[in-house]
Protein chains: 2
Amino acid sequence: MEFITDQSAGYLVNHLARLFARQLQDRIKPLGLTTGTFPALLVLWEGDGLTQRELIDRLDIEQPTLANTLARMERDGLVIRKKDAVDARAQRIWLTDQARALRAPAIAAAMQVNSEALAGLTEAERDQFLALMRRIIAGMQKDALDEVEDRQETG
Amino acid sequence: MEFITDQSAGYLVNHLARLFARQLQDRIKPLGLTTGTFPALLVLWEGDGLTQRELIDRLDIEQPTLANTLARMERDGLVIRKKDAVDARAQRIWLTDQARALRAPAIAAAMQVNSEALAGLTEAERDQFLALMRRIIAGMQKDALDEVEDRQETG
DNA sequence: TAGCATTGCATTCCAAGCTATGCAAGTGTT
DNA sequence: AACACTTGCATAGCTTGGAATGCAATGCTA
């Protein structure tokens, strides 16, 4: 059985993700940001005051991963957490002014990474690439969901 | 400035990489393997007795990352490290019988993950997807190399 | 309303990746 | 030969990601 890395989607995706992460990190480090905060920030920039649970529902990330990320973000002055008025278990996440101010430069950095990465592709190829990824992601998420449901029925 | 995650290559690649990693981990955990060992194993299965340096040259991974991975692999009985006869600094990496025996099932697992992930695509779309990734990777590696060279000239 | 199940979050422990640094062994230069 | 430089690897410390677990607050149900 042969395994050719150049023809393995998983291998290439992993490699590509590391290349993107390195690029993004280089560009947002001067802003005092790290890559892991990015997904959470993108959601919060659209509207903060969410609970951790609400954030998780918008990010395909495990709860402990987000909890850790939020802890680092609080330590670094990007967010503050206030107890929910109604539900004493929940904490609502609020952006600091500092985090709000970083929105424009951070997004500019990310968009620049994207455009440089895809610079060798035509407009059509870029669209194709994004569309293919969206379809693969949707399929894999569905598969994962089905597996969870199967386990619940069986177990 | 807008940022739409569905149209961000970096965001989608990161997400996709996590989905692939979860799938692969589920499948190779029963074999006693973890995802991080995979790239090194793929090289070593083609021929072991390499030094760490030679492995790094075949993997776009930083040296400390590989050193850690090899330490875990040695701990788990996948490889042994023997001092090089000529160069006392270098250590040559040898697969154990156990690691050799895992080749077929591990590769089968990875190929299954790939084919399930791409199941919703036509043959042509799969080829396109892989080809696009290869081109983007090549471009980003070239960019990264150029930056290093620029820094050396300047600094 | 008492007891049980669920929910929201934190904590622990691990893998995997990175940067920065250290150090011993080899190489090259004068 | 002495010195500086380079190379090969290890270590420390961090982020990002996950699984497993714990626990308090809430919700449900008999």
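Per chain, numbering begins at 1; letters A, B, ... match sequence-line order. Heavy atoms only: backbone and side chains are in, while hydrogens, waters and symmetry mates are out.
OP1 and OP2 of dA20(D) both lie 4.0 Å or more from every side-chain N or O belonging to Gln63(A). Taking 4.0 angstrom as the limit, Gln25(A) places none of its side-chain polar atoms (N or O) nearer than this to OP1 or OP2 of dG17(C). Proximity of Arg22(A) to the phosphate of dC18(C): a side-chain N or O atom is located under 4.0 Å from OP1 or OP2. For dA10(D), the OP1/OP2 oxygens have a side-chain nitrogen or oxygen of Arg81(B) closer than 4.0 Å. Between Arg53(B) and dG8(D) there is a side-chain N or O to OP1 or OP2 distance below 4.0 Å.
Whole-Å rounding puts the Arg18(B) CZ to dT15(D) C1' distance at 14 Å. For Leu24(A) and dG17(C), the CG to C1' distance is 15 Å, given to the nearest whole Å. Atom-to-atom, CD of Glu54(B) to P of dT7(D) comes out at 15 Å; the value is rounded to the nearest Å. Note: CG (Asp87(B)) to P (dC9(D)) measures 8 Å, nearest angstrom. Rounded to whole Å, atom P of dA19(D) lies 11 Å from atom CD of Gln23(B). Atom-to-atom, NZ of Lys29(A) to P of dC14(D) comes out at 13 Å; the value is rounded to the nearest Å. Per the geometry, CG belonging to Asn68(A) stands 16 Å off P belonging to dA15(C), to the nearest Å. Whole-Å rounding puts the Ile61(B) CD1 to dT19(C) C1' distance at 16 Å.
Of the residues near DNA chain D, Gly36(A) and Pro64(A), the one whose nearest nucleotide (by heavy atom distance) lies more toward the 5' end is Gly36(A). Position along DNA chain C of the nearest nucleotide to Leu33(B) versus Arg89(B) favours Leu33(B) as the more 5'-ward residue. Residue whose closest nucleotide on DNA chain C sits further toward the 5' end, between Ala88(B) and Thr37(B): Thr37(B).
Among the atoms of the strands shown, none is found under 4.0 Å from any heavy atom of Asp76(A). Within 4.0 Å (heavy atoms only), Asp84(B) reaches no atom of the nucleic acid at all. Across all strands shown, Thr69(A) has no heavy atoms under 4.0 Å from either base or sugar-phosphate atoms. Residue Arg92(A) is out of contact with every strand shown, counting any heavy-atom pair closer than 4.0 Å. Residue contacts shown for Thr65(A) include a base, since a base heavy atom lies under 4.0 Å away.
Summarising the geometry of Arg81(B) relative to Leu70(B), their closest heavy-atom pair is NH1-CB, 3.9 Å, with the distance given to 0.1 Å. Smallest separation of non-hydrogen atoms from Met133(B) and Leu12(A): CE-CB, 3.7 Å.
Leu78(B) has its side chain out of reach of Leu95(B): every pair of non-hydrogen atoms, C-beta onward, lies at least 4.5 Å apart.
Electrostatic pairing of Asp87(A) and Arg92(A) does not count as a salt bridge here, judged by no charged N lying under 4.0 Å from a carboxylate O.
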Report task. Before giving the answer on salt bridge (Lys or Arg N to Asp or Glu O under 4.0 Å), spell out for Asp60(A) and Arg22(B) the whole-Å C-alpha distance, their side-chain angles and the decisive distance to 0.1 Å. Result -> CA-CA 12 Å; Asp60(A) 188 359; Arg22(B) 288 180 203 160; 3.1 Å; yes
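Other members of the hydrophobic cluster containing Ile80(A), listed by chain and number, are Trp94(A); membership follows side-chain contacts under 4.5 Å among ILVMFWY residues, whether direct or relayed.
Between the base of dA19(D) and the side chain of Glu62(A) there is no donor-acceptor pair shorter than 3.5 Å.
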